[in-house]
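A short write-up of the structure that comes next.
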Amino acid sequence: MDLIREGISIAQDPKQIRWIGPALVASDAVLCLLIVWKIPYTEIDWQAYMEQIETYIAGERDYAKISGSTGPLVYPGGHVYIYRLLYALTDGGKDIRFAQYAFVALYLGTLGLAIAAYRRANAPPWVLPMLILSKRMHSIFMLRLFNDGFAVSFLFAAILAYQKRWWTVGSLLFSAGLGVKMSLLLVLPAVGLILMLAIGRDRAVKQAVLMMQVQAMLGYEFIVEDVYSYFGRAFELSRQFFFKWTVNWRFVGEETFLSRNFSLGLLAAHGALLVTFLGTRWLKPARITLGGLEWMLLEPPRGAAQAKIARSVTPDFVLSVMASAMLVGCLCARSLHYQFFAYVAWVSPYVLWRSGLHPVAVYAVWVAQEWAWNVYPSTDTSSIVVVGSLAASVSASWFAIGRTEGVKLAIKDPDLHVE
């Protein structure tokens with residue numbers, strides 16, 4: 001019984017992550033190598049990536065004219081430069097095994113960043129096994145070689161930088177990830193709020209300009225060739241997805257899935273959820289209302305007032321808000337493909353724990369989520385579970401942010417609308 005009590009104590013002690021985390025990464029490294037050696041690689045997009053890079057190497061800079069076997073190039077310039085390097089390192093994409101080892105390193109590095117972010121947010125060690133036991137995550141990285149792995153790596157690097165209050169570093173990393181895949185746009189509202197609360201309006205605007213400069217730099221040689229072609233492809237918000245590949249909304253049927261009303265309904269739900277989270281959760285730790293936020297934009301607080309607001313931006317708050325924004329975006333996305341699980345798998349365990357759910361309930365949601373994302377092809381049942389698990393995670397993130405520690409602000413200016 002003493003050993004059991006000691007084990008439970010260790011599993012609940014956030015300080016123990018300092019040695020449990022590295023041990024789990026090391027054990028996962030062994031698992032990754034076994035996966036590469038024993039499980040056949042599956043070709044999906046790698047060859048198309050390489051074909052697109054060959055067109056780029058040949059001198060083409062018009063995005064409308066760069067394509068591969070699976071379709072046109074639809075990712076920003078950062079993707080091009082990363083896979084141009086991989087093209088050189090893998091003999092034009094032929095050395096698949098080397099590419100897999102590179103993605104093993106990427107996976108382990110990203111896992112390490114996620115665990116570091118969890119540690120700074122005081123998560124307990126019992127949450128960590130959910131980060132290393134995902135079959136789908138291993139597949140996305142080392143068996144499929146998707147670019148989502150790079151985007152997620154930049155995302156967690158940015159989260160960790162923001163947790164350490166390295167605002168410029170975090171913004172550079174976030175924008176670099178956005179320059180790989182526009183999926184990170186889902187987190188942009190959270191990033192904007194975090195910067196606004198932490199450093200005030202004027203410095204937050206400078207960070208936004210910096211992020212735009214990074215995007216301009218990554219896309220420069222394509223922008224000067226044809227600006228409309230580049231942004232129309234790399235950040236195409238109106239892109240249509242095939243029903244046959246959807247993982248989430250299959251159960252509504254193809255006619256509903258493809259309808260404009262369904263698309264607009266999801267967009268409205270996304271906006272409504274963001275406003276709800278902003279007004280009832282994201283501003284709560286700073287004790288500010290929506291009206292107070294509006295006033296901060298018009299007449300930003302200075303000195304001690306801003307410093308007190310900034311203290312609400314804790315490592316827990318950063319991870320909780322950015323995770324909730326991503327989960328809300330995924331819940332309201334019309335079509336999620338299997339690789340989109342990369343944006344869900346390592347944020348949902350945190351909010352499920354932070355919400356106060358019993359560990360058994362947390363693992364139950366995780367198991368359901370993991371099962372649903374591994375059903376191929378997706379079915380009505382699996383898609384219901386995907387949406388249900390996302391809804392559970394979004395609900396959990398609402399309670400999670402409600403449990404973050406805020407600061408009591410002694411600001412007497414009634415126009416700031418401080419509670």
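Quick note: numbers below take in every heavy atom, side chains included, and nothing from hydrogens, waters or symmetry partners.
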Indicate, with yes or no, if the rings of [X] and [Y] have centres closer together than 6.0 Å.
X: W373; Y: F341; answer: yes
X: F150; Y: F103; answer: yes
X: F174; Y: F154; answer: no

**Study point:** Within 45° cone and under 6.0 Å: R354 NZ/CZ vs F399 ring
**Key:** no

Review point. Cation over ring, K135 on Y376, under 6.0 Å and within 45°?
Key: no

Check your understanding: Distance only, no hydrogens: is a donor on one side chain within 3.5 Å (strictly under) of an acceptor on the other, for Y338 and D148?
Key -> no

Check your understanding: Which pair of heavy atoms, one from A151 and one from V180, lies closest together, and at what distance?
Key -> N-CG1, 4.2 Å

**Study point:** Atom of P125, atom of I17 and distance for their closest heavy-atom approach
**Key:** CG-CG1, 3.9 Å

Check your understanding: Are R61 and E221 close enough for a salt bridge, meaning some N to O gap below 4.0 Å?
Key -> yes

Practice item. Kindly indicate whether the side chain of F222, heavy atoms from C-beta on, has any atom under 4.5 Å from the side chain of P76. Key: no

Exercise for review: Taking the side chain as every heavy atom from C-beta outward, state whether P72 and R233 have any atom pair closer than 4.5 Å.
Suggested key: yes

**Study point:** Point-to-point distance, once rounded to the nearest 0.5 Å, from CG of L336 to CH2 of W249
**Key:** 9.5 Å

Review point. From E51 CD over to I66 CD1, what is the distance, rounded to the nearest 0.5 angstrom?
Key: 13.0 Å

Check your understanding: In terms of the angle between their ring planes, are F340 and H337 parallel, tilted or perpendicular, with boundaries placed at 30° and 60°?
Key -> perpendicular

Check your understanding: Are there more than 12 heavy atoms of other residues, nucleotides or ligands under 6.0 Å from atom CD of E236?
Key -> yes

